Amino acid sequence: MDDETTRATIEAVKRLDAAFDRGDLDAFMAAMTDDCVWESFAPAPDGQRYEGQAAVRQAMVNFLGSSPVFDGEEMLACGDRATVRWTCRFDGGHFRGVDVVRVRDGRVAEILSYVKG
């Protein structure tokens, strides 16, 4: 689908991913809504839910401390939703997963993260 909402969603996700890749936590959080939600993939089986800027920021600080490197494999977007398939590499290991993302007003409102295995 090639519409304005879908294009805005793709740009919002790309902006968030670029900030993450740079390790720029301020830009990452600026790319998220004030009432943002991140559901991480750990601990198994259901992960942890973080709500709001302060909680998501602290969770990202902790997560980035493990020095993960993400390689995006594919993004599909339609309207205000996107899925991003990725590989995460760390300390000689890796795992694959997907984020289900919702965008509102040009910023990421929700990330639901899942991993294989």
Side-chain angles (χ1 to χ4, degrees):
M1 176 176 255
D2 185 26
D3 63 64
E4 187 175 326
T5 301
T6 299
R7 285 191 299 274
T9 295
I10 291 168
E11 289 306 312
V13 173
K14 285 182 176 181
R15 198 169 36 257
L16 184 84
D17 287 348
F20 182 91
D21 290 345
R22 292 190 314 269
D24 185 343
L25 188 57
D26 290 335
F28 182 89
M29 295 311 302
M32 297 194 78
T33 62
D34 291 340
D35 62 345
C36 59
V37 171
W38 177 40
E39 286 188 3
S40 67
F41 48 79
D46 295 322
Q48 178 74 37
R49 183 176 176 90
Y50 304 95
E51 298 183 40
Q53 282 271 330
V56 171
R57 176 181 280 276
Q58 186 57 54
M60 289 308 301
V61 165
N62 296 340
F63 183 66
L64 289 170
S66 66
S67 301
V69 175
F70 280 82
D71 297 316
E73 295 177 11
E74 178 181 45
M75 181 187 345
L76 300 172
C78 184
D80 68 344
R81 304 285 176 149
T83 58
V84 181
R85 198 164 38 97
W86 45 259
T87 299
C88 177
R89 300 183 195 305
F90 60 96
D91 296 331
H94 79 279
F95 51 89
R96 295 180 67 212
V98 65
D99 287 341
V100 178
V101 180
R102 186 170 51 90
V103 172
R104 182 175 3 101
D105 299 325
R107 295 178 14 188
V108 173
E110 181 179 67
I111 305 169
L112 308 176
S113 299
Y114 302 89
V115 296
K116 294 182 78 154

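What you see is a predicted model, and the numbers here were worked out from it, not measured in a lab.
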Return the minimal non-hydrogen interatomic distance between [X] and [Y], and the atom names on each side.
{"X": "Trp86", "Y": "Tyr114", "result": "CZ2-O, 3.9 Å"}
{"X": "Asp24", "Y": "Ala27", "result": "OD1-N, 3.0 Å"}
{"X": "Phe20", "Y": "Leu64", "result": "CE1-CD2, 3.4 Å"}

Any side-chain heavy atom of [X] within less than 4.5 Å of one from [Y]?
{"X": "Met32", "Y": "Leu16", "result": "yes"}
{"X": "Met75", "Y": "Arg85", "result": "no"}
{"X": "Ile111", "Y": "Ser113", "result": "yes"}
{"X": "Val108", "Y": "Thr33", "result": "no"}
{"X": "Ser40", "Y": "Phe63", "result": "no"}
{"X": "Asp80", "Y": "Arg104", "result": "no"}
{"X": "Glu110", "Y": "Glu51", "result": "no"}
{"X": "Val84", "Y": "Val98", "result": "no"}

Parallel, tilted or perpendicular: rings of Phe41 and Phe95 (30°, 60°):
perpendicular
Give a yes or no on whether a salt bridge exists between [X] and [Y], defined as a side-chain N under 4.0 angstrom from a carboxylate O.
{"X": "Asp17", "Y": "Arg22", "answer": "no"}
{"X": "Arg96", "Y": "Asp71", "answer": "no"}
{"X": "Arg107", "Y": "Asp34", "answer": "yes"}

Atom CG of residue position Asp105 - does it have more than 12 heavy atoms of other residues, nucleotides or ligands inside 6.0 Å?
no
Short side-chain to backbone donor-acceptor contact, [X] and [Y], under 3.5 Å:
{"X": "Gln53", "Y": "Met29", "result": "yes"}
{"X": "Arg15", "Y": "Gly106", "result": "yes"}
{"X": "Thr6", "Y": "Gly79", "result": "yes"}
{"X": "Asp99", "Y": "Val101", "result": "no"}

Is there a continuous path of hydrophobic side-chain contacts, each under 4.5 Å between heavy atoms, that joins [X] to [Y]?
{"X": "Val100", "Y": "Val56", "value": "no"}
{"X": "Val69", "Y": "Leu25", "value": "no"}
{"X": "Trp38", "Y": "Phe70", "value": "yes"}

Verify whether one side chain among Glu73 and Thr87 offers a donor that lies under 3.5 Å from an acceptor in the other.
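Yes, side-chain donor-acceptor contact under 3.5 Å.
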Rounded to the nearest 0.5 Å, what separation is found between the [atom1] atom of [X] and the [atom2] atom of [Y]?
{"X": "Ser67", "Y": "Arg89", "atom1": "OG", "atom2": "CZ", "result": "15.5 Å"}
{"X": "Ile10", "Y": "Leu76", "atom1": "CD1", "atom2": "CG", "result": "9.0 Å"}
{"X": "Thr9", "Y": "Arg102", "atom1": "OG1", "atom2": "CZ", "result": "11.0 Å"}
{"X": "Tyr50", "Y": "Arg57", "atom1": "OH", "atom2": "CZ", "result": "15.5 Å"}

